[in-house]
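Okay, so here's the structure we're looking at.
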Amino acid sequence: MSQCRHHADQEPATGRPLTLGPARLRNRFVSAPMERNYCEIDGTVTDRYAEYVARRARGGAALVFAEAAYVRADGKGRLRQLGVDVDERIPGIARLAAAVHAGGALFGVELNHGGRTAQGAVNGFRPVAPSPVPCLPAGGELPRELATEEVHELVAAYAEGARRCREAGVDVISIHGAHGYLVHQFLSPARNLRTDEFADPLRFLGLVIEAVGKQAGPGVAVGLRISAHEGIEGGLSAERTFELISRTRLDLLSFLDVSAGSYEAGQWIIQPGEWERGLLAPYAQRYRALGLPVGVAGRISTPESAEAIVAGGQADFVSLARTLHADPGFPRHALTGGRYRPCIACNLCIDRLGTGEPIPCSVNPRAGREYLGEPAAPAAKASVVVIGAGPAGLEAARQLAEHGQRVRVLEAAGHVGGQFALAGRLQALPEYHRILDWWTAELDRLGVTVRTGVHVTGEVLARLDADAIVLATGGAGRLPDVPGAGLPHVFDVRDWLARDEDVPRSCVVWGADREGVAVADHLATGGAEVLLVGAQPSLAPSVGRRAKILMVPRLTGNPKVRLHLESTISAIESGRVLLRSGGHEEWRPVSGPVLISHGVAPRTDLLAACTARRPRLGVHLAGDAGGTGGSLHRCFLAAEEVAGAIARLCDAP
């Protein structure tokens with residue numbers, strides 16, 4: 001993995017202090033507002049939340065934001081969102097501020113009201129908005145248009161939220177004017193259809209800025225987060241947004257923070273891994289001419305991209321959310337040239353928000369679990385052999401080595417990563433290789449021996465000196481029991497990817513699960529004609545909306561893709577398949593390979609031989625081999641369980 005290193009006599013631009021009004025930042029790294037479902041359902045703070053922000057402060061960020069906090073109960077958009085709506089919230093916010101201050105950082109809160117994006121199913125209120133325009137991605141409930149006097153009441157709610165933040169010891173307040181929330185709705189010609197004084201798109205924002213500034217007082221920096229463009233037809237363009245912001249009450253603000261998008265263009269809020277790093281920086285650069293310090297978000301996931309933005313004058317600071325979710329120590333590592341755990345832009349975090357459960361991270365099993373403390377290393381040490389170098393095996397080896405165990409990894413293939421490495425070749429998943437590179441470097445640092453091209457047999461096991469064996473051999477694709485499934489042109493999608501062949505002119509993908517859809521998208525984007533057949537009612541239903549926000553439109557809008565959902569294939573022959581849909585069967589002429597994605601069965605053919613070896617600390621299954629795979633996040637958790645189990649056995653009397 002490329003790391004950002006600097007000569008001792010050359011201070012990186014991201015390491016320089018920055019003044020935002022009354023606030024002085026120790027460097028240019030800001031932990032951006034990010035909703036996490038870490039509060040109680042009533043909007044109060046938890047141990048989980050306090051330890052999470054404390055860890056980001058200790059990791060080197062100069063300013064750590066909580067999240068978009070609702071200023072009134074009808075503006076709450078998530079079940080466990082932070083609230084600043086009543087005075088009872090002040091002690092919890094003060095607790096977050098104290099936790100961040102103890103880590104040497106400043107603490108910030110973003111004031112927000114969901115408007116049309118807030119739904120009654122979440123907060124118990126009918127949504128309110130500038131105009132009765134429903135938000136389909138949020139649930140589609142028709143909002144009630146606010147009366148003129150009610151808009152003024154909402155201005156007062158923002159002001160009261162600012163007062164509570166000041167009394168709680170908050171250093172920085174950001175007004176959320178982006179992402180399709182209430183302030184943004186008043187700015188947008190697609191959402192604001194009013195004829196009263198608030199038909200002026202800047203009227204509401206101007207009143208909020210003035211009211212928040214008065215209540216925040218001279219000791220608290222007040223800024224504004226904006227979307228550089230709304231991302232929808234008929235919405236705010238980049239030109240119109242800049243024109244509006246240049247006419248707002250900038251004299252009352254300490255900074256601007258530039259993001260992009262709205263609920264109907266969610267790919268601009270949380271960008272897919274396919275998109276360029278730092279893609280919003282050119283938009284942010286324009287705002288620097290307005291005379292305020294400017295921050296920017298958007299796929300800033302390497303030290304190099306952050307440094308290029310700040311040193312190149314495109315922004316004064318960088319706002320990082322997913323990057324610090326994956327590694328809270330990223331700022332410190334970026335400034336010292338250290339190794340960091342990379343975000344792979346899989347968007348598991350954002351897609352878990354709607355569940356109401358605390359959001360995890362695919363590559364960081366400690367995210368949101370910092371309050372549990374770090375696992376204790378055993379006093380006794382052991383020799384462990386890990387069979388299989390997929391995600392579960394690599395992570396188990398890393399955690400075991402961190403505990404001080406002597407670890408060897410044996411892998412049958414000529415490379416590490418298993419099926420995950422194959423997935424990293426696909427169009428939609430270009431960042432996956434980064435976590436594999438990180439594992440390789442970490443295992444090298446920890447002195448773990450990794451041998452590829454080793455086919456472990458009973459004889460090999462008999463010669464191994466191991467106190468414990470971790471079986472992480474993954475899974476094999478399930479082939480259906482239909483006529484023709486054994487023909488030479490029929491493959492499990494994983495086996496076909498392993499062949500590393502060119503994109504065929506035509507193919508069949510049978511299975512609309514996560515893997516099948518990703519492969520179909522990759523092949524169709526490469527020019528193949530694809531017949532995609534799946535029993536699923538929708539494309540990759542187990543995958544969150546943001547994780548497939550580009551794939552699904554690409555597939556459904558591609559004239560070379562024929563899509564048959566809630567369908568199956570009854571038989572396969574050379575040159576045709578028997579398609580069954582809605583009780584009707586029809587032979588369809590096809591050419592090229594038939595690629596099947598029907599999940600995996602645990603590959604445990606070595607289990608008996610491992611058990612017969614009778615290692616004193618046992619045989620442990622991890623990942624797909626133990627039926628606990630299926631996602632990178634679950635592989636990390638399974639590896640943690642295995643490492644913990646071996647640690648406990650080491651110290652058992």
Side-chain angles (χ1 to χ4, degrees), residues 23 30-59 61 63-114 118 122-124 157-176 181 212 215-216 220-221 225 321 324-325 328 349-350 352-361 364 366-373:
V30 171
S31 180
M34 180 180 180
E35 292 178 43
R36 307 174 182 99
N37 285 338
Y38 290 172
C39 284
E40 301 290 358
I41 288 180
D42 68 354
T44 56
V45 168
T46 61
D47 291 346
R48 184 192 301 270
Y49 209 143
E51 288 302 316
Y52 180 92
V53 295
R55 180 67 184 86
R56 272 71 201 159
R58 294 195 301 271
L63 168 60
V64 177
F65 273 99
E67 62 182 83
Y70 57 91
V71 297
R72 203 169 74 177
D74 59 354
K76 178 181 179 180
R78 306 285 183 191
L79 284 174
R80 296 183 180 275
Q81 188 176 357
L82 178 66
V84 292
D85 55 323
V86 292
D87 285 358
E88 286 75 13
R89 307 276 186 254
I90 294 174
I93 300 166
R95 183 181 175 199
L96 295 180
V100 169
H101 292 157
L106 302 182
F107 179 59
V109 172
E110 186 175 56
L111 301 181
N112 191 39
H113 187 289
V122 172
N123 60 37
Y158 276 85
E160 283 295 284
R163 173 185 62 80
R164 295 178 187 113
C165 288
R166 170 176 52 80
E167 292 180 4
V170 172
D171 305 290
V172 179
I173 291 173
S174 180
I175 298 167
H176 203 337
Y181 295 116
V212 166
Q215 285 294 339
V220 178
R225 195 170 211 205
L324 301 192
H325 194 56
C349 50
I350 185 68
R352 284 289 184 90
L353 267 179
T355 69
E357 295 302 312
I359 67 167
C361 175
N364 180 7
R366 306 304 299 169
R369 300 168 68 219
E370 294 87 353
Y371 73 105
L372 297 175

Non-hydrogen atoms of [X] and [Y] that approach each other most closely:
{"X": "Y38", "Y": "G368", "answer": "OH-CA, 3.1 Å"}
{"X": "A73", "Y": "N123", "answer": "O-CB, 3.5 Å"}
{"X": "A61", "Y": "L324", "answer": "CB-CD1, 4.3 Å"}
{"X": "G83", "Y": "I93", "answer": "O-CD1, 4.1 Å"}
{"X": "A216", "Y": "I173", "answer": "CB-CD1, 4.0 Å"}
{"X": "L106", "Y": "A23", "answer": "CD1-CB, 3.7 Å"}

Set of side chain to side chain contact (heavy atoms under 4.5 Å, CB included) partners for [X], sequence neighbours left out:
{"X": "A321", "value": "A32, M34"}
{"X": "N364", "value": "R56, P328, R341, C361, R366, A367"}
{"X": "L79", "value": "V122"}

Restricting to side chain to side chain donor-acceptor pair (under 3.5 Å), what partner residues turn up for E110, sequence neighbours left out? none
Rounded to the nearest 0.5 Å, what separation is found between the CD atom of Q215 and the CG atom of L111? 11.5 Å
Got a second to check how far L82's CG is from K76's NZ, nearest 0.5 Å? 10.5 Å
Side chains of F65 and V172: does their closest heavy-atom pair fall under 4.5 Å? yes
Would a 4.5 Å heavy-atom cut-off, applied to side chains only, mark D74 and H113 as touching? yes
Using the salt bridge (charged side-chain N to carboxylate O under 4.0 Å, His left out) criterion, which residues pair with [X]? Sequence neighbours excluded.
{"X": "R55", "result": "none"}
{"X": "R58", "result": "none"}
{"X": "R166", "result": "none"}

Looking at [X] and [Y], would you say the former's side chain and the latter's main chain have a donor-acceptor pair under 3.5 Å?
{"X": "E167", "Y": "C165", "value": "no"}
{"X": "E160", "Y": "V71", "value": "no"}
{"X": "R36", "Y": "A66", "value": "yes"}
{"X": "N37", "Y": "I359", "value": "no"}

Mind jotting down which residue pairs meet the salt bridge (Lys or Arg N to Asp or Glu O under 4.0 Å) criterion with at least one end in residues 38-51? Sequence neighbours excluded, please. D47-R95
If you look only at pairs with a residue in residues 78-87, which of them pass as a salt bridge (Lys or Arg N to Asp or Glu O under 4.0 Å), with sequence neighbours excluded? E35-R78, D85-R89, D87-R163, D87-R164
With H325 via ring pair (Phe, Tyr, Trp, His ring centres under 6.0 Å) - residues at least two apart: Y52
Results of ring pair (Phe, Tyr, Trp, His ring centres under 6.0 Å) for Y181 - residues two or more places apart only: H176, Y263
Acceptor/donor pairs from residues 96-104 side chains to any protein atom, 3.5 angstrom cut, sequence neighbours excluded:
| from | atom 1 | to | atom 2 | distance (Å) |
| --- | --- | --- | --- | --- |
| H101 | ND1 | A97 | O | 3.2 |
| H101 | NE2 | D171 | OD2 | 2.5 |

